Amino acid sequence: MNRIEGQITGIQVSGSLSLVSVDCKGILLKSIIIDTPDTSDYLATGTKVQLLFKETEIVIAKPGVREISLQNRILAVISAIKQGDLLCSVILESDLGTIEAIISTNAVADLSLQPGVEVLAMIKLNEMMLSPC
């Protein structure tokens, strides 16, 4: 499980859903959760939280992707690839720390991924979980 610490900078509420914006060392990440400030005390601007997301929920692209609905984007450099027959563990170094992504071995080959290559790690809003620090 990947963990990134940040601070809540904004909350938009609609019914029982909240779109929470979190500043993580100057990078804005977002999570949509089934909770509101009325139901969870930690949902408040200024609260320190952890964003958690599974290694299998990361989409990797080469920089330059422009039109895509994934809003959580983290620029990173590949530091290592642990290759398996079907899946690879891709270790990424970013301004937010080390992130691990698990993608198919075919995708690694198709994108010509190797250590030192700059990539964009992207995570859907609904795949980011929040936890108070």
Side-chain angles (χ1 to χ4, degrees):
M1 182 74 67
N2 291 294
R3 297 171 190 272
I4 296 174
E5 289 189 8
Q7 187 170 3
I8 296 175
T9 58
I11 303 169
Q12 292 175 289
V13 178
S14 179
S16 62
L17 296 176
S18 293
L19 177 61
V20 183
S21 299
V22 180
D23 182 318
C24 303
K25 297 182 182 176
I27 298 172
L28 186 65
L29 299 177
K30 296 180 181 181
S31 175
I32 194 156
I33 60 172
I34 303 172
D35 258 331
T36 69
D38 291 335
T39 60
S40 290
D41 292 339
Y42 80 94
L43 286 179
T45 301
T47 301
K48 292 184 180 184
V49 294
Q50 283 189 334
L51 288 160
L52 300 96
F53 51 98
K54 295 179 185 176
E55 294 83 353
T56 53
E57 299 301 339
I58 298 173
V59 174
I60 293 180
K62 296 250 179 126
V65 173
R66 295 183 192 273
E67 296 180 6
I68 190 165
S69 65
L70 298 170
Q71 294 181 350
N72 291 318
R73 302 173 188 200
I74 303 167
L75 195 59
V77 175
I78 297 172
S79 63
I81 299 175
K82 299 173 191 169
Q83 191 162 339
D85 292 334
L86 300 175
L87 297 173
C88 289
S89 169
V90 181
I91 307 300
L92 307 170
E93 296 300 329
S94 74
D95 289 344
L96 302 179
T98 302
I99 299 169
E100 181 181 8
I102 295 178
I103 63 172
S104 74
T105 300
N106 288 342
V108 169
D110 290 348
L111 292 170
S112 301
L113 299 180
Q114 59 188 6
V117 170
E118 188 175 69
V119 294
L120 198 56
M122 299 178 285
I123 308 101
K124 291 173 59 175
L125 295 172
N126 61 304
E127 299 300 342
M128 294 283 237
M129 296 174 276
L130 277 183
S131 173
C133 287

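No experiment lies behind these values; they were computed from the predicted model shown.
- Nearest approach of V49 to Y42, heavy atoms of both residues: CG1-CD1, 3.9 Å.
- The side-chain hydrogen bond (donor to acceptor under 3.5 Å, both in side chains) contacts involving residues 90-110 comprise S89-E100, E93-T98, where partners must be two or more places apart or lie in separate chains.
- Both V108 and I58 are assigned to one and the same hydrophobic cluster, defined by single-linkage of ILVMFWY side chains at heavy-atom distances under 4.5 Å.
- Checking side-chain atoms of Q7 against main-chain N and O of G46 turns up a donor-acceptor pair under 3.5 Å.
- Residues I81 and L111 share a single hydrophobic cluster, defined by chaining ILVMFWY side chains whose heavy atoms lie under 4.5 Å apart.
- Atom CD1 of I102 and atom SG of C88 lie 10.0 Å apart (nearest 0.5 Å).
- Summarising the geometry, atom CG belonging to L29 is positioned 12.0 Å from atom CZ belonging to R73; distances are rounded to the nearest 0.5 Å.
- Using a 4.5 Å cut-off between side-chain heavy atoms of Ile, Leu, Val, Met, Phe, Trp and Tyr, with links allowed through other members, I8 and V13 fall into the same hydrophobic cluster.
- Cluster partners of V77, using a side-chain heavy-atom cutoff of under 4.5 Å among ILVMFWY residues and allowing indirect links: none.
- Hydrophobic clustering, with ILVMFWY side chains joined whenever heavy atoms are under 4.5 angstrom apart, groups I11 together with I33.
- Looking at residues two or more places apart in sequence or on another chain, you find a side-chain contact (heavy atoms from CB on, under 4.5 Å) between A80 and I91.
- Heavy-atom neighbours of L75 CG from other residues, nucleotides or ligands within 6.0 Å: above the threshold of 12.
- Remark: K62 NZ is packed, more than 12 non-hydrogen atoms of other residues, nucleotides or ligands lying under 6.0 Å away.
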Please tabulate, for the side chains in residues 114-128, all donor-acceptor contacts under 3.5 angstrom to protein atoms that are two or more places apart in sequence or on a different chain.
none

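- By the 4.5 Å side-chain criterion applied to Ile, Leu, Val, Met, Phe, Trp and Tyr, M1 is assigned to a cluster that also includes L52, M129.
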Listed pairs under 3.5 Å, donor-acceptor, residues 16-28 side chains, sequence neighbours left out:
residue	atom	partner	partner atom	Å
S18	OG	D35	O	2.6
D23	OD1	K25	N	3.3
D23	OD1	G26	N	2.8

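- Atom CD in Q50 sits 11.5 Å away from atom CG in N2 (nearest 0.5 Å).
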